Structure formats: C-alpha cells, structure tokens
Student: 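My questions will all concern the structure given below.
Numbers here are sequence positions counted from 1. Note that the structure is predicted; figures quoted are calculated from it, not measured.
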Amino acid sequence: SHGYQGDYRVGYCDNPPVATGPTMVQTTNANDGNTYSYNVLQNGDVPDNFTMTDQYGEEVDLYSFCGQPVMLVVSAGWCGPCRSEAATLQAVADAHPELEIITLLTDDNSYEIPTVPFLEAWANQYAFENIAVLTPGGVPATTYEELFAQHHRAWEVDGYIPTIYHLDETLTVISADEGVREPPAL
C-alpha cells in the first residue's frame with residue numbers, strides 16, 4: 001500500500017459501506033433575502049459514494065478509499081485560508097502515512113468549477129506527492145436553488161470553507177469540521 005498517485009484503488013473493503021447520506025440540515029440566509037436548507041454530513045454519517053475527477057484527469061470514487069482512514073478537505077482556489085491550509089497538507093500526509101488525504105476544490109480562483117489543469121496547478125503549487133485533488137465537475141449553478149442542491153454541499157457542515165472531515169476505515173465520519181488538523185485516534 002502506498003499514497004495516492006492516481007490510476008488505482010488505494011483501499012479495499014470486503015463489504016462496501018452502507019451509506020446513510022447526510023443527516024443534518026444546514027440552513028443559510030442568501031443574498032437574495034431567502035433562506036435555503038440543504039443536508040450536510042455530521043459525525044456518525046456514512047457519505048454516499050461519489051465519483052469526481054482528479055488532478056490526473058482520472059475518475060476517483062470515494063469508496064475506493066475504503067479500508068483506509070481518510071481526511072477530506074473542502075477548499076476553493078479563491079479562498080485565502082484554504083490556500084494557507086493547503087500549504088500544510090503535505091506535511092500532515094508525511095507525518096501520517098496511514099491517512100489518505102483528499103482535497104475537494106469546489107471553485108477555482110474565478111468562482112468557476114475547477115478544470116483538471118487548475119487541479120494539477122494546485123497540486124504542484126503545494127507540492128502534493130500523495131494527495132488527491134478533486135473537482136466536483138458538473139454545470140455551474142446559476143441560482144441559489146441550484147447552488148444548494150449541488151451534491152458536494154453535503155461536505156460543508158458549517159457553510160464555510162476550508163472544511164475538514166475525518167472518516168474511519170469504514171468511511172464513517174468521525175470528525176466533521178471540529179478544527180482537528182490531525183486524524184483523531186481511530
């Protein structure tokens with residue numbers, strides 16, 4: 001077993017996880033004066049599987065990390081605190097080789113869906129050696145309804161980024177944005 005480099009499954013489970021999906025309702029007041037609700041993941045949830053594109057242009061399934069502890073970091077290119085956090089992620093990966101780190105970039109620097117070249121540039125800028133950088137892909141939201149219906153919103157428990165989730169080997173959320181930069185004891 002070794003760190004993420006694309007083009008292979010990094011984990012293995014005899015029995016794939018049984019998703020509970022996000023079980024907590026998050027509510028936000030948007031600039032249009034309306035309040036929107038969407039479901040987010042919290043401690044104890046097992047996320048639905050997803051397939052996203054990585055910095056190598058390959059499709060990556062969340063469940064391919066089954067059997068490994070995972071730290072999923074939700075970030076955006078335009079986000080200053082996200083960039084600061086990205087600068088520390090390879091050191092975390094080096095200190096915790098048992099941990100698979102996934103960075104989910106929701107937006108590029110122009111608030112658009114990140115392209116593979118943007119993901120690659122992000123990974124290179126922060127010298128990621130074994131960290132998957134993913135884009136949710138899809139069509140850009142044009143309304144608040146579309147924005148809050150995007151499947152990656154489930155990973156933004158407090159509505160702010162950067163957001164860090166820790167998942168155990170069964171891909172159960174054990175820490176949802178609790179300010180923990182290192183993996184909790186499993």
Student: Walk me through it: do V133 and L105 pass the test side-chain contact (heavy atoms from CB on, under 4.5 Å)?
Tutor: CA-CA 7 Å; V133 184; L105 288 178; 3.7 Å; yes
Student: Could you go through the side-chain contact (heavy atoms from CB on, under 4.5 Å) check for L62 and I102 one step at a time?
Tutor: CA-CA 9 Å; L62 174 62; I102 300 170; 4.1 Å; yes
Student: Between V60 and L134, is there a side-chain heavy-atom distance shorter than 4.5 Å?
Tutor: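 Yes, side chains in contact.
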Student: Is the shortest heavy-atom distance from the side chain of T53 to the side chain of V116 under 4.5 Å?
Tutor: yes
Student: Considering all heavy atoms of both residues, which atom of L171 and which atom of P47 are nearest to each other, and what is their separation?
Tutor: O-CD, 3.0 Å
Student: Rounded to the nearest 0.5 Å, what's the gap from CG on L72 to OG1 on T103? Could you check?
Tutor: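 That separation rounds to 8.0 Å.
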Student: How many angstroms lie between atom CD1 of I161 and atom OG of S75, to the nearest 0.5 angstrom?
Tutor: 6.5 Å
Student: Can you find a pair of side-chain heavy atoms, one from Y126 and one from Q90, that are under 4.5 Å apart?
Tutor: no
Student: Once salt bridge (charged side-chain N to carboxylate O under 4.0 Å, His left out) is applied, do any residues pair with R153, and if so which ones, sequence neighbours excluded?
Tutor: E156
Student: Would Y165 and V70 satisfy side-chain contact (heavy atoms from CB on, under 4.5 Å), going step by step from the backbone distance to the final call?
Tutor: CA-CA 8 Å; Y165 278 87; V70 173; over 6 Å; no
Student: Just by modelled atom types, is the Y63 backbone N or O under 3.5 Å from a matching donor or acceptor in the D61 side chain?
Tutor: no
Student: Can you label the angle between the Y38 ring and the F148 ring as parallel, tilted or perpendicular, going by 30° and 60°?
Tutor: parallel
Student: Taking atom CG of D48 and atom NE2 of H151, what is their separation to the nearest 0.5 Å?
Tutor: 10.0 Å
Student: What distance separates I174 CD1 from L167 CG, expressed to the nearest 0.5 Å?
Tutor: 7.5 Å
Student: Would W78 and D107 count as a side-chain hydrogen bond (donor to acceptor under 3.5 Å, both in side chains) here? Give the steps.
Tutor: CA-CA 7 Å; W78 52 262; D107 302 304; 3.2 Å; yes
Student: Backbone N or O of Y111 within a donor-acceptor pair of the D108 side chain at under 3.5 Å?
Tutor: yes
Student: Any side-chain heavy atom of T106 sitting closer than 4.5 Å to one from V74?
Tutor: yes
Student: Set out, in order, the CA-CA distance, both residues' side-chain angles and the distance that settles side-chain contact (heavy atoms from CB on, under 4.5 Å) for D45 and T172, then state yes or no.
Tutor: CA-CA 6 Å; D45 287 349; T172 300; over 6 Å; no
Student: Indicate the atoms forming the closest heavy-atom contact of P140 with E146, along with that distance.
Tutor: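 Of all heavy-atom pairs spanning P140 and E146, the closest is O-OE1, 4.1 Å.
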Student: Can you see which heavy atom on V173 is nearest to which on L41, and at what distance?
Tutor: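 Looking at all heavy atoms of both residues, the shortest contact is CG2-CB, 4.4 Å.
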Student: Keeping the roles fixed (side chain from T23, backbone from T20), state whether a donor-acceptor pair exists under 3.5 Å.
Tutor: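 No: the side chain of T23 does not pair with the backbone of T20.
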Student: Could you go step by step and tell me if E120 and Q55 meet the side-chain hydrogen bond (donor to acceptor under 3.5 Å, both in side chains) rule?
Tutor: CA-CA 5 Å; E120 184 178 22; Q55 71 264 37; over 6 Å; no
Student: Looking only at non-hydrogen atoms, find the nearest pair between L119 and P114 and report the distance.
Tutor: CD2-CB, 3.9 Å
Student: Of the non-hydrogen atoms in N130 and A93, which two are nearest, and what is the gap between them?
Tutor: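 Nearest pair, atom of N130 first, then A93: OD1-CB, 3.6 Å.
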Student: Could you give the distance from CG (D177) to OG (S175), rounded to the nearest 0.5 Å?
Tutor: 8.0 Å
Student: Out of curiosity, D32 CG to Y144 OH, how far, rounded to the nearest 0.5 Å?
Tutor: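 Answer for the CG-OH pair, D32 versus Y144, is 5.5 Å.
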Student: Locate the shortest heavy-atom distance separating P17 from V46; write the atom from each residue and the value.
Tutor: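 Distance-wise, the nearest heavy atoms are CB-CG1, 3.7 Å.
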Student: Treating Ile, Leu, Val, Met, Phe, Trp and Tyr as nodes and any side-chain heavy-atom pair under 4.5 angstrom as an edge, say whether W155 and I113 lie in one connected cluster.
Tutor: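 W155 does not cluster with I113.
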Student: Compare all side-chain heavy atoms of F118 with those of T135 and state whether any distance is below 4.5 angstrom.
Tutor: no
Student: Can you find a pair of side-chain heavy atoms, one from H166 and one from I164, that are under 4.5 Å apart?
Tutor: yes
Student: With the 4.5 Å side-chain cut-off for hydrophobic clustering, are L99 and I131 part of the same group?
Tutor: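 Yes, one cluster joins them.
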Student: Hydrophobic clustering (ILVMFWY, side-chain heavy atoms < 4.5 Å, transitive) - are M24 and F50 grouped together?
Tutor: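 Same cluster.
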Student: Compare all side-chain heavy atoms of W122 with those of N124 and state whether any distance is below 4.5 angstrom.
Tutor: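 No. Closest side-chain heavy atoms not under 4.5 Å.
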Student: Looking at side-chain heavy atoms only, is the closest gap between C66 and E169 below 4.5 Å?
Tutor: no
